[in-house]
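Below is one structure, written out as structure tokens; comments come after it.
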Amino acid sequence: MKTLKYRRPRGTRDIIPEEYELRERLLEKVQKTIRAYGYKFIITPVFERTELFIRSIGDSTDIVEKEMYTFKDKKGRSFTLRPEGTAPVMRAFLENGIVPPAKLAYVMNMFRAERPQKGRLREFWQVGVEAIGVKDPLVDAEVIEMGYSILKELGAEKLVVLLNSIGSIDERQAYKKALLDYINEKEQDGSLDLCEDCKRRKNKNPLRILDCKIDGPKLKDAPSLTEFLSPESLKYFNEVKKYLDRWKVNYREEPRLVRGLDYYNHTAFEIVSEKIGVQDTLLGGGRYDSLAEDMGGPATPAIGWAMGLERIIDYFYRIPIIPGPFYFVTTVNEFSKGYAIGLLKKIREWKIPSDMTFEPKSLKAQMKIADRLNAVKAVIVGEDEIKLQKVRVRDLETGKEELVPEKDLVRIYEEYLAERRKKGLI
RNA sequence: GUGAGAGUAGCUCAACUGGCAGAGCGCUGGACUGUGGCUCCAGUGGUUGGGGGUUCAAGUCCCCUCUCUCACCCCA
């Protein structure tokens, strides 16, 4: 390849027409469903005060420690390209005085400076929902069920909801301490030697040690998080499951499922597809009842999830054929071309997608372009047609031609639309 | 951030142990002077990702760098 001067930054993607079209369709479907559950869409700024993310996500999380795109403005204030949507949406909810209960949804791009791999980019798009202001097992179940339904509608296969309750912050704190005590004790009597990763996890996120491929199995008789949940937490969790059963959501309890971000409590979940590779989480979320208060707002319970658009697109969507102009106007010489540009303008005033070539080209070459663009009809304007005050309309699929007066172009277009509608193609 | 593999025409990929950079598809034109898709013919196409080194000679070997892929960490 010729060496270009500029290439896109690592881990980013250009959304070229094929993928753009595909996204539009996919998002249309997703947004329709989300609205059916009573959500309203919002957009927040791409960057926020760095502090917002550090305080809400947690300063010892990977996101904050090594993945944020942070920069300073001219006055030395620190800003960060959003690495996730929940904190900004909650901030917007509070700042705009939106009245709870509120169901907010978004389609926004996120930025994390990770090493890219399949299904993991530095700039990526998420569809997310946040149900703010209600604490009831029904909401938890509804949010999860909606995510599950959306993925199913999109054609994702072998879906499983992984479900857990990580308790209140206090309960989790108590458990963390018990787990660490247990581990420290075993390390001291020499019966346990943690791997390098887990030594690091001890300080950062000890709950993850249970999930470690090396050390996890060694901790079979460690205390379990469930033992530390209060009767209320357990009851709440059981009710969530009850509703999920009722709505026939395929879930599996996953006691080792924990959330990386600090603001989560109680219900935590992921939806994975067992059909795809290592990055199999299509959607992840949980409850975060203390976030609003942490940000200086009134105590407001909330729950939500985010879904990675690229992962869906990569695995479940095929490239669609992009529709071209409806009419492609072709000419045979300079005279007919002069006539045709007038006709083209008229067609466009009728708001019918249309185009033609301006460079002098043979009719054959023009037809070829029409075909390549996926045009529906070629409109041939030749001297014979002009003499008859008509145009020749050639159907590019069937090859059938008809000689009609100009204004029939509107009728032909409308008939085509009606036909497509009848077939449910629009 | 750690580890491994890869990068050759617009795209998909060839080129034996270092020895003239190729094919298919695409694109342009023609066969068919006003008719696309099928077929046939011709043409177009490259600093072999970039930089440096070894060598008579480097796509091929060595070093650096960029990007992609896979895995780890972690996550959507």
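Proteins get letters first, then strands, A, B, ... in listed order; numbering begins at 1 in each. Note that the structure is predicted; figures quoted are calculated from it, not measured.
- A:Lys135 forms a cation-pi arrangement with A:Tyr236, by the criterion of a distance under 6.0 Å to the ring centre and an angle within 45° of the ring axis.
- Below the 3.5 angstrom threshold, one finds a donor paired with an acceptor across the side chain of A:Arg120 and the base of B:C74.
- Taking the ring centre of A:Tyr243 as origin, the terminal cationic atom of A:Lys241 falls outside the region bounded by 6.0 Å and 45° from the ring axis.
- No engagement by A:Ala370 is indicated, since no non-hydrogen atom pair under 4.0 Å with the nucleic acid exists.
- Residue A:Arg394 places its side chain closer to B:U35 than to any other of B:C73, B:U35, B:G34.
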* Verify side-chain hydrogen bond (donor to acceptor under 3.5 Å, both in side chains) between A:Thr33 and A:Glu153, making sure each step is shown before the conclusion. => CA-CA 9 Å; A:Thr33 305; A:Glu153 277 170 25; 2.7 Å; yes
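- On a pure distance criterion of 3.5 Å, no polar donor-acceptor pair joins the side chain of A:Glu397 and the base of B:G36.
- Nearest-nucleotide assignment on RNA chain B puts the 5′-proximal partner with A:Val332, out of A:Val332 and A:Phe124.
- Nearest to the side chain of A:Gln117, among B:C68, B:A71, B:G37, sits B:A71.
- Of the candidate nucleotides B:G34, B:G36, B:C74, B:G34 has the atom lying nearest to any side-chain atom of A:Arg392.
- Proximity of A:Arg13 to the phosphate of B:U67: no side-chain N or O atom is located under 4.0 Å from OP1 or OP2.
- At least one side-chain nitrogen or oxygen of A:Lys364 sits closer than 4.0 Å to the OP1 or OP2 atom of B:G36.
- Looking at A:Arg115, its side chain comes within 3.5 Å of the base of B:U2 through a donor and an acceptor atom.
- If you check every strand for non-hydrogen atoms under 4.0 Å, A:Ile63 touches nothing.
- Using a 4.0 Å cut-off between charged side-chain N and carboxylate O, A:Arg392 and A:Glu402 make no salt bridge.
- At B:C68, one or more side-chain N or O atoms of A:Arg10 fall inside 4.0 Å of OP1 or OP2 (strictly under the cut-off).
- With rounding to whole Å, A:Arg122 atom CZ is found 14 Å from B:C74 atom C1'.
- Residue-to-nucleotide contacts include no donor-acceptor pair under 3.5 Å from the side chain of A:Arg7 to the base of B:U67.
- Candidate nucleotides B:G36, B:C74, B:C73 were compared by shortest atom distance to the side chain of A:Glu114, and B:C74 ranks first.
- Between the side chain of A:Gln366 and the base of B:U35, no donor-acceptor pair of N or O atoms lies under 3.5 Å.
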* Watson-Crick and G-U pairing of RNA chain B, under 3.5 Å, as dot-bracket with | and [ ] -> (((((((..((((.....[..)))).(((((.......))))).....(((((..]....))))))))))))....
